[in-house]
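Keep in mind the model is a prediction, meaning the values are calculated, not measured.
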2 protein chains.
Amino acid sequence: MALTEVMAALSDPIRVGLVRLLSDGRERGWGELRAPVAKSTLSHHLRVLRDAGLTRTRQEGTRCFVELRSGDLDARFPGLLAAVLGAAEQEDVGHQVGLAASPAGQRR
Amino acid sequence: MALTEVMAALSDPIRVGLVRLLSDGRERGWGELRAPVAKSTLSHHLRVLRDAGLTRTRQEGTRCFVELRSGDLDARFPGLLAAVLGAAEQEDVGHQVGLAASPAGQRR
DNA sequence: CCCTTCGTTCGATGTTCGTGGAACATCGAA
DNA sequence: TTCGATGTTCCACGAACATCGAACGAAGGG
């Protein structure tokens with residue numbers, strides 16, 4: 001969990017949007033995530049976040065779930081997450097990232 | 001002073017080192033700065049920091065001085081600078097950046 | 001005037017990054 | 001087993017980036 005990698009991970013609007021989305025501490029399903037990029041690109045962004053140590057991924061059968069590592073993050077960089085979330089809300093960074101209507105496990 | 005630009009500016013070790021160096025609030029002369037890069041590269045890094053709003057540059061005759069905008073930074077992103085400086089110290093990010101022996105105005 | 005100093009700007013180069021499409025692997029369901 | 005859904009991986013492309021050396025322009029000192 002290196003500083004420069006974390007900063008680099010947070011230097012892209014879509015990734016900031018994902019972090020914002022996950023900032024409520026709830027675990028989210030991959031399929032729930034909505035971003036204006038191809039799924040390969042979304043996979044890439046999630047990998048960057050995971051490699052930087054910002055998120056954790058759990059695999060369950062054929063689908064996987066993402067979770068923000070708020071605790072570890074706050075232990076390593078006290079105040080950073082709050083600062084980023086605050087600024088991101090003010091500028092509305094990552095507003096293009098959202099959730100699907102269906103709350104994950106729902107049939108459709 | 002946009003979030004993603006600030007994060008991008010802080011995603012390079014040399015720039016983090018410069019920020020660390022300036023974090024005492026003292027204004028520093030360009031020539032004082034020591035980094036293992038060519039002067040054109042150093043000029044580039046200082047430009048990135050300035051464009052991101054992290055530093056301010058004052059020109060005086062033929063030489064110029066750099067200063068960290070700690071106040072503005074802390075107003076915009078409360079706690080971010082402290083978090084970055086703390087983590088940077090722990091990991092010793094930007095340790096290659098230092099000061100020349102001469103305290104600025106000295107002849108030599 | 002020339003010459004030195006200081007910092008920026010200008011190509012040039014190699015690398016990394018964001019992006020999308022296609023192929024692939026995995027798993028559950030029919 | 002065959003099919004469909006779900007993510008990952010691979011490949012390719014253009015843009016952005018870090019880096020350097022050289023050329024440049026602005027002061028200031030002989």
Heavy atoms only, 4.0 Å cut-off, all strands: where does B:Arg50 land among base, sugar-phosphate and nothing?
sugar-phosphate
Does C:dT9 have OP1 or OP2 under 4.0 Å away from a side-chain N or O of B:Arg47?
yes
Between B:Ser40 and D:dC20, does any side-chain N or O lie under 4.0 Å from OP1 or OP2?
no
Measure NZ/B:Lys39 against C1'/D:dA18 and give the value in whole Å, please.
18 Å
Compare side-chain N and O positions of B:Arg63 against OP1 and OP2 of D:dA26 and report whether any pair is under 4.0 Å apart.
no
Nearest-angstrom distance from the residue atom NE2 of A:His44 to C1' of C:dG18
6 Å
Kindly say if A:Trp30 contacts the phosphate of D:dT8, meaning a side-chain N or O under 4.0 Å from OP1 or OP2.
yes
Quick one: B:Asp12 CG to C:dC17 C1', roughly how many Å, whole number?
15 Å
Using Watson-Crick geometry (N1-N3 plus N6-O4 or O6-N4) or G-U wobble (N1-O2, O6-N3), each under 3.5 Å, C:dA30 is paired with D:dT1
For atom CG of B:Leu46 and atom P of C:dT9, their distance in whole Å
12 Å
B:Glu60 CD to C:dG7 C1', in whole Å, measures 15 Å
Just to confirm, is there a sub-4.0 Å distance from OP1 or OP2 of C:dC17 to any side-chain nitrogen or oxygen of A:His45?
no
Could you state whether A:Leu99 and A:Leu46 fall into the same hydrophobic cluster, counting links through intermediate Ile, Leu, Val, Met, Phe, Trp or Tyr residues with side-chain heavy atoms under 4.5 angstrom apart?
yes
Can you get from A:Val48 to A:Leu54 by hopping between Ile, Leu, Val, Met, Phe, Trp and Tyr side chains that sit under 4.5 Å apart?
no
Taking only side-chain N and O atoms of B:Thr62, does any of them lie within less than 4.0 angstrom of OP1 or OP2 on C:dT5?
no
Taking 4.0 angstrom as the limit, do A:Glu60 and A:Arg58 come out as a salt bridge?
yes
What integer distance in Å separates A:Ile14:CD1 from C:dG18:C1'?
9 Å
Considering only NZ, NE, NH1 and NH2 on the basic side and carboxylate oxygens on the acidic side, decide whether A:Asp24 and A:Arg20 come within less than 4.0 Å.
no
In this structure, are over 12 heavy atoms from other groups packed under 6.0 Å from B:Arg26 atom CZ?
no
Check the phosphate of D:dC20 against B:Thr41, side-chain N and O only, distance under 4.0 Å to OP1 or OP2. Yes or no?
yes
Can you tell me the distance, in whole Å, between the CG atom of B:Leu18 and the C1' atom of C:dG7?
15 Å
If pairing means Watson-Crick or G-U wobble with both distances under 3.5 Å, then the partner of C:dT15 is D:dA16
Output the rounded distance in Å from CG (A:Leu49) to P (C:dC17).
14 Å
